[in-house]
Amino acid sequence: MHSFMKRLNTEGINSYQGTWEHFFELFTTKPVHYNTWFEHVMSWLDFKKKHPDVPILMVSFEDMKKDLRSCVKKIAEHLGTKQDPDFLDEVTNKCQFSAMLKAKSTNTAEIAIGNDGGNPFYRKGEVGDWKNCLTVAQDEIFDDEIAKRMTGIDLEVKYSL
């Protein structure tokens, strides 16, 4: 989210200029734009619990990085769409992070929100990069926040492959 906010350039939010340390403190102690990861995940889990009749499929970024083809097949099954192997291969190839990053967007609104001309929703496309950002102390703080905010959730939280 720090990278996203630094690259974001929309009305009312023009590129967060603070340091990683400052952002981490805000993220763990105060409300931030677009809510925290905790609030985002909990809202979906709460909705899923309150509406068991609504078919919701949760797929993690880590699962997609580990085996994108299986995730594409699972999504196709969930949506009830065709599962022709050639079609699933085509979708899988187009959904590779590198392919999405290279794709030329014709959506000018999407391009306009990145202050560097890129899409702020894409970063590195790697799993476990948190190890390169968080200090040991920040990792401990984040673990404490997860323990406080995510107790009893019905979701496996993954940090690496």
Side-chain angles (χ1 to χ4, degrees), residues 1-13 15-16 18-81 91-92 94-101 105 107 109-110 113-115 118-161:
M1 187 169 190
H2 177 252
S3 175
F4 173 75
M5 295 301 289
K6 283 186 78 79
R7 295 179 62 205
L8 187 62
N9 186 28
T10 61
E11 191 172 323
I13 305 173
S15 304
Y16 173 77
T19 64
W20 162 248
E21 291 76 16
H22 181 255
F23 185 83
F24 182 82
E25 181 182 345
L26 289 175
F27 184 78
T28 55
T29 61
K30 295 178 176 45
V32 292
H33 285 288
Y34 309 111
N35 294 328
T36 66
W37 174 83
F38 308 107
E39 293 162 320
H40 174 75
V41 171
M42 291 302 291
S43 68
W44 277 106
L45 292 173
D46 288 344
F47 181 87
K48 188 175 178 181
K49 185 184 273 186
K50 290 175 184 170
H51 304 281
D53 54 319
V54 177
I56 295 174
L57 176 66
M58 294 187 150
V59 180
S60 73
F61 178 71
E62 291 79 6
D63 287 342
M64 289 188 287
K65 288 299 287 189
K66 185 176 182 180
D67 187 355
L68 181 57
R69 177 65 159 68
S70 292
C71 290
V72 168
K73 186 173 187 329
K74 185 187 290 188
I75 293 167
E77 289 169 359
H78 180 76
L79 295 174
T81 61
V91 171
T92 300
K94 288 183 177 182
C95 290
Q96 294 287 338
F97 185 81
S98 57
M100 291 176 19
L101 196 58
S105 175
N107 182 348
E110 179 180 300
I113 67 170
N115 62 15
N119 185 329
F121 290 98
Y122 299 151
R123 198 167 80 86
K124 293 182 178 182
E126 298 174 5
V127 173
D129 192 47
W130 62 270
K131 296 174 189 174
N132 297 319
C133 299
L134 272 65
T135 65
V136 172
Q138 289 171 338
D139 183 36
E140 290 171 357
I141 290 168
F142 197 75
D143 286 345
D144 289 344
E145 289 297 316
I146 288 176
K148 281 192 290 192
R149 298 183 191 202
M150 308 299 279
T151 301
I153 64 167
D154 184 26
L155 180 70
E156 180 185 1
V157 178
K158 300 174 184 175
Y159 302 99
S160 60
L161 297 179

Student: Rounded to the nearest 0.5 Å, what separates atom CZ in Arg69 from atom CE in Met64?
Tutor: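 With rounding to 0.5 Å, CZ (Arg69) is 15.5 Å from CE (Met64).
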
Student: Taking atom CH2 of Trp20 as the centre, does the number of heavy atoms from other residues, nucleotides or ligands within less than 6.0 Å exceed 12?
Tutor: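 For Trp20, atom CH2 is crowded (more than 12 foreign heavy atoms under 6.0 Å).
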
Student: Rounded at 0.5 Å granularity, tell me how far CG in Leu68 sits from NZ in Lys94.
Tutor: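 One finds 13.5 Å between CG of Leu68 and NZ of Lys94.
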
Student: Any side-chain heavy-atom pair from His51 and Ile56 closer than 4.5 angstrom?
Tutor: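 Heavy-atom side-chain distance check fails, nothing below 4.5 Å.
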
Student: Find out whether Phe38 and Ile146 are in side-chain contact, i.e. whether some heavy atom of one side chain is under 4.5 Å from a heavy atom of the other.
Tutor: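 Result yes, sub-4.5 Å side-chain heavy-atom pair found.
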
Student: Please report the interatomic distance CD1(Ile153) to NZ(Lys49), rounded to the nearest 0.5 Å.
Tutor: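 Spacing of CD1 (Ile153) from NZ (Lys49) equals 10.5 Å.
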
Student: To the closest 0.5 Å, what do you measure between CD (Glu25) and NE2 (His22)?
Tutor: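 Taking CD in Glu25 and NE2 in His22, the distance rounds to 6.5 Å.
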
Student: Using a strict threshold of under 4.0 Å (side-chain N to carboxylate O), is an ion pair present between Glu77 and Lys73?
Tutor: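 Between Glu77 and Lys73 there is a salt bridge, with a charged N closer than 4.0 Å to a carboxylate O.
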
Student: Minimum heavy-atom separation for Val59 to Cys71, with atom names?
Tutor: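 Scanning both residues completely, I find the closest heavy atoms to be CG1-SG, 3.7 Å.
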
Student: If you take all heavy atoms of Val72 and Val91, which pair is closest and at what distance?
Tutor: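 Looks like CG1-CG1, 3.7 Å.
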
Student: Measuring only between side-chain heavy atoms, which start at C-beta, is Thr135 closer than 4.5 Å to Phe24?
Tutor: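 When only atoms from C-beta onward are counted, Phe24 and Thr135 do not touch, as no gap falls below 4.5 Å.
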
Student: Please round to the nearest 0.5 Å and tell me the distance separating atom CG of Leu134 and atom CD1 of Ile141.
Tutor: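 Rounded to the nearest 0.5 Å, the CG-CD1 separation comes to 9.0 Å.
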
Student: Taking all non-hydrogen atoms of both residues into account, name the closest pair between Cys133 and Gln138 and its distance.
Tutor: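 Smallest heavy-atom distance, with atoms named: O-OE1, 3.6 Å.
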
Student: Is it the case that atom NE2 in His78 sees more than 12 heavy atoms from other parts of the structure closer than 6.0 Å?
Tutor: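 For His78, atom NE2 is crowded (more than 12 foreign heavy atoms under 6.0 Å).
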
Student: Restricting to non-hydrogen atoms, name the atom on Ser70 and the atom on Asp67 that form the minimum distance, rounded to 0.1 Å.
Tutor: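 Heavy atoms only, the tightest pair is OG-OD2, 2.5 Å.
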
Student: Report the distance from atom CG of Asp63 to atom CE of Met58, rounding to the nearest 0.5 Å.
Tutor: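 So the CG of Asp63 and the CE of Met58 are separated by 12.5 Å.
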
Student: Check Glu145 with Lys148, please: is the shortest side-chain N to carboxylate O separation under 4.0 Å?
Tutor: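 A salt bridge is present here (some side-chain N lies under 4.0 Å from a carboxylate O).
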
Student: Just jot down the ring pair (Phe, Tyr, Trp, His ring centres under 6.0 Å) partners of Phe61, sequence neighbours excluded, or say none.
Tutor: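 Listed in chain order: nothing, the list is empty.
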
